[in-house]
2 protein chains.
Amino acid sequence: MERRLNLEDVGRRAGVSRSTVSRVVNGGHVSSETKRRVEAVIAETGYRPHAAARSLASNSTGVIGLVIPSAAGTLFDDPYFGRLILGISSATNEVDMTLALFLFGDGPDERSIISRVVTPGLVDGVIVTATTRGDPLIDHMQGTNMPFVVVGRPDNAVSTFCVDVDNRAGARTAALHLAALGRSRPALIAAPSNTSAGIDRRNGFLEGLAEAGLSVEDRIAEGDWSQDSGRIAMARLLGGQPDSVFVSSDRMAVGALRAVSEAGLNCPRDISVVSFDGIVPPDLTTPRLTSVVQPVTEVGERAVRLLTSVIGGASTTPEHVVFPTELAVRESCGSTAQARPGA
Amino acid sequence: MERRLNLEDVGRRAGVSRSTVSRVVNGGHVSSETKRRVEAVIAETGYRPHAAARSLASNSTGVIGLVIPSAAGTLFDDPYFGRLILGISSATNEVDMTLALFLFGDGPDERSIISRVVTPGLVDGVIVTATTRGDPLIDHMQGTNMPFVVVGRPDNAVSTFCVDVDNRAGARTAALHLAALGRSRPALIAAPSNTSAGIDRRNGFLEGLAEAGLSVEDRIAEGDWSQDSGRIAMARLLGGQPDSVFVSSDRMAVGALRAVSEAGLNCPRDISVVSFDGIVPPDLTTPRLTSVVQPVTEVGERAVRLLTSVIGGASTTPEHVVFPTELAVRESCGSTAQARPGA
DNA sequence: CATATGGTTGGGAGCGCTCCCAACAAGGAG
DNA sequence: CTCCTTGTTGGGAGCGCTCCCAACCATATG
């Protein structure tokens with residue numbers, strides 16, 4: 001097998017120097033005749049520049065890392081991360097970059113992988129996602145000079161770039177919607193309180209209720225994002241005879257819906273359900289789920305754009321991008337209003 | 001901001017040469033006293049070798065690529081790919097390699113990303129997954145000298161390394177199980193016939209039926225892996241009054257179950273359901289799904305191991321790893337047998 | 001005619017590492 | 001005492017690229 005060819009070889013075949021070929025490849029100034037000749041040789045030989053050599057010389061790799069901690073077991077059961085990856089991937093493709101995935105669990109061994117993330121010459125920057133409160137990962141990143149952006153709202157958001165959705169406002173809208181429907185005994189199935197989304201959705205919902213003069217009293221339970229935890233939480237809450245419930249994620253809401261029907265109750269007649277995410281295809285549940293839709297894919301795309309601008313030095317002062325959410329009204333809340341277009 | 005330090009700098013601080021530091025880092029032979037001193041400097045300075053420089057010099061990147069074509073929309077709704085990624089990721093972590101993800105749709109633009117996959121100096125090898133029959137991707141890979149293994153069964157499997165599950169035998173087992181339960185009007189919800197899994201599961205099921213002297217006659221429909229396609233297919237098949245059905249994926253089976261109950265029928269009393277994947281948590285459906293379990297995570301791990309051995313030159317003649325499946329008997333088939341341990 | 005200008009091109013230096021070979025010291029064998 | 005071995009170390013060469021500066025040519029200008 002013959003040796004891979006390099007810039008020099010291509011140059012020799014085209015009768016020009018290494019530098020000229022490099023200029024053709026990278027879009028520098030070259031006379032059109034020379035350019036044509038060089039391009040012909042490249043097409044003919046199938047020459048591709050060596051990524052590692054390029055990285056070494058230019059001090060930039062064209063790779064961005066995506067860090068997902070606590071990626072154990074159930075992670076991918078929730079479509080959230082899949083969507084996020086899809087958004088990030090399509091954005092990296094668009095700017096001709098490569099996506100490196102760093103998944104790890106909580107084991108001490110696995111955490112040591114973190115250090116691989118900041119290996120110089122491996123990635124140009126990283127997107128860190130879904131950390132729990134107090135996770136040392138963000139602090140660790142801050143201690144390096146690796147550019148990074150956070151998807152979500154980290155503890156000390158002030159000093160980091162981040163992209164998030166307005167969980168609080170979205171949940172508040174859900175509360176106001178239930179109140180507007182005349183529901184007076186709302187319940188809450190919260191998401192884990194060690195995550196920013198969990199906290200924000202809980203607070204936003206309670207805030208909205210308070211505005212409407214309502215309260216969950218003791219009708220509150222916490223799930224772990226899984227469908228089954230939603231079912232269990234709902235089964236328990238039913239004892240408090242709620243007439244409505246805000247479930248902090250679609251996935252848990254599917255479980256909650258099941259608990260409702262298992263208890264012989266009817267949604268939306270006996271109980272209104274509003275959830276968060278807008279990620280479960282509407283037709284998958286009966287009744288179709290009213291949900292606060294968050295633009296996951298857009299968040300991913302925006303995170304890539306923000307990161308590239310940080311890498312390029314265009315952004316230097318921490319910036320927070322917050323996406324609005326939109327309430328998609330369907331049948332599960334018992335609203336008589338039409339589903340909005342795009343819901 | 002001071003310059004990143006390199007081997008030379010570390011060596012200077014420890015009073016040794018570049019080469020010696022390199023040997024300490026890579027586990028060469030160094031006297032214990034020197035080693036101690038160098039390691040102290042490394043710990044103190046937080047030195048990390050530059051990945052790109054290392055790749056260039058050693059001609060190996062420590063990165064493996066995972067290629068998933070047709071990654072549009074619904075891809076991640078099926079937990080299959082998530083599990084596969086999890087398995088692959090944990091295996092790469094174990095051998096201290098990094099995972100690069102190449103997702104793309106079918107658009108002509110997107111397909112061009114393929115060429116990025118084989119960029120020299122970017123990845124050491126790639127795992128190609130889930131291609132449809134006749135996809136030019138495999139041929140394209142074969143035209144390069146990039147090591148690769150296929151997850152699944154490619155068209156001309158003879159000349160490629162691949163890791164697959166025994167879809168055919170698994171589906172056959174499902175058929176025999178239904179036959180053993182005394183069902184005589186079996187139906188089939190097949191998976192897309194442009195995928196090897198779709199073909200193998202269909203053929204295996206038909207083969208098993210034939211052995212048992214049964215036939216699906218016209219009780220056959222094809223879904224697209226999605227839950228809703230399963231529901232639609234089942235709704236249609238019900239017209240043929242089947243007493244049992246083999247659904248080619250868990251995801252579609254969930255939809256099928258829904259169609260059964262929407263038709264006012266009872267599973268398993270009126271109709272036995274057996275599916276394939278073993279990927280949907282049993283408690284998520286009523287009744288719990290009897291399914292042919294495939295070891296997705298293990299497939300991913302094995303693919304990484306096989307690939308590294310190809311990269312290392314340890315494997316040179318195409319090798320096919322086929323994992324067996326196991327029938328997990330639960331309630332949806334109407335079997336009176338106990339669920340097996342581990343089901 | 002000399003000089004300035006601008007578009008092209010070539011080649012040196014260097015990115016940080018690995019690989020290899022030579023150098024050296026310290027013993028043990030002859 | 002010399003020779004060989006073994007263990008340890010240093011440094012040259014080179015991986016394939018980018019970046020920069022100098023050289024060159026042609027044309028425009030004084």
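Below, chain A is the first sequence line, B the second, and so on; all start at residue 1.
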Worksheet item: CZ of A/R37 versus C1' of C/dT8: gap in Å, rounded?
Response: 12 Å
Practice prompt. Determine whether the side chains of B/S89 and B/T92 contain a donor N or O and an acceptor N or O closer than 3.5 Å.
Written response: no
Discussion item. Tell me whether A/R13 at atom CZ has more than 12 heavy atoms from other residues, nucleotides or ligands lying less than 6.0 Å away.
Written reply: no
Discussion item. Side chains of B/T160 and B/Q142: any donor to acceptor distance under 3.5 Å?
Written reply: no
Practice prompt. Could you state the atom-to-atom distance from NE2 of A/H50 to P of D/dC17 in whole Å?
Written response: 8 Å
Discussion item. In whole Å, I'd like the distance from the CD1 atom of B/I42 to the P atom of C/dG16.
Written reply: 16 Å
Practice prompt. Round to a whole Å and report the spacing from CZ of A/R12 to C1' of D/dG16.
Written response: 13 Å
Item to complete: Spell out protein contact along nucleotides 4-13 of chain D as letters: B when the base is contacted, S when just the sugar-phosphate is, - when no protein heavy atom is under 4.0 Å; keep the 5' to 3' order.
Response: ----SBBBBB
Worksheet item: Do the side-chain N or O atoms of B/Y47 get closer than 4.0 angstrom to the phosphate oxygens (OP1, OP2) of C/dC17?
Response: yes
Discussion item. A quick test of your reading: do over 12 heavy atoms of other residues, nucleotides or ligands sit less than 6.0 Å from CG of B/D9?
Written reply: yes
Worksheet item: Among side-chain atoms of A/R18 and A/N6, is any donor-acceptor pair under 3.5 angstrom?
Response: no
Worksheet entry | A/L7 CG to D/dG16 P, straight-line distance once rounded to whole Å | 10 Å
Practice prompt. Establish, with yes or no, whether the OP1 or OP2 oxygen of D/dT18 is under 4.0 angstrom from a side-chain nitrogen or oxygen of A/N26.
Written response: yes
Worksheet, complete the sentence: Between CG of B/L122 and P of D/dG16 the distance, given in whole Å, is 16 Å
Item to complete: Return yes if a side-chain donor-acceptor contact under 3.5 Å exists between B/N93 and A/R116, otherwise no.
Response: yes
Response to the item:
Taken to the nearest whole Å, CG/B/D9 to P/C/dC15 is 10 Å
Practice prompt. Go through the steps to decide whether A/E33 and A/R37 satisfy the test salt bridge (Lys or Arg N to Asp or Glu O under 4.0 Å), and finish with yes or no.
Written response: CA-CA 6 Å; A/E33 158 57 14; A/R37 233 174 40 240; 3.5 Å; yes
Worksheet item: Just checking, any donor-acceptor pair under 3.5 angstrom between side chains of A/R48 and B/T119?
Response: yes
Worksheet item: Looking at five pairs on each end of the helix from C/dC1-D/dG30 to C/dG30-D/dC1, what is the angle between the two axes, given to 10 degrees?
Response: 60°
Discussion item. Does any part of the side chain of A/V126, heavy atoms only, come nearer than 4.5 Å to the side chain of A/L66, both counted from C-beta?
Written reply: no
Practice prompt. To the nearest Å, give me how far apart CG (B/N59) and P (D/dG16) are.
Written response: 8 Å
Worksheet item: Where the side chain of B/S58 is defined as all heavy atoms beyond and including C-beta, which of D/dC17, C/dG16, C/dT18 is the nearest nucleotide?
Response: C/dT18
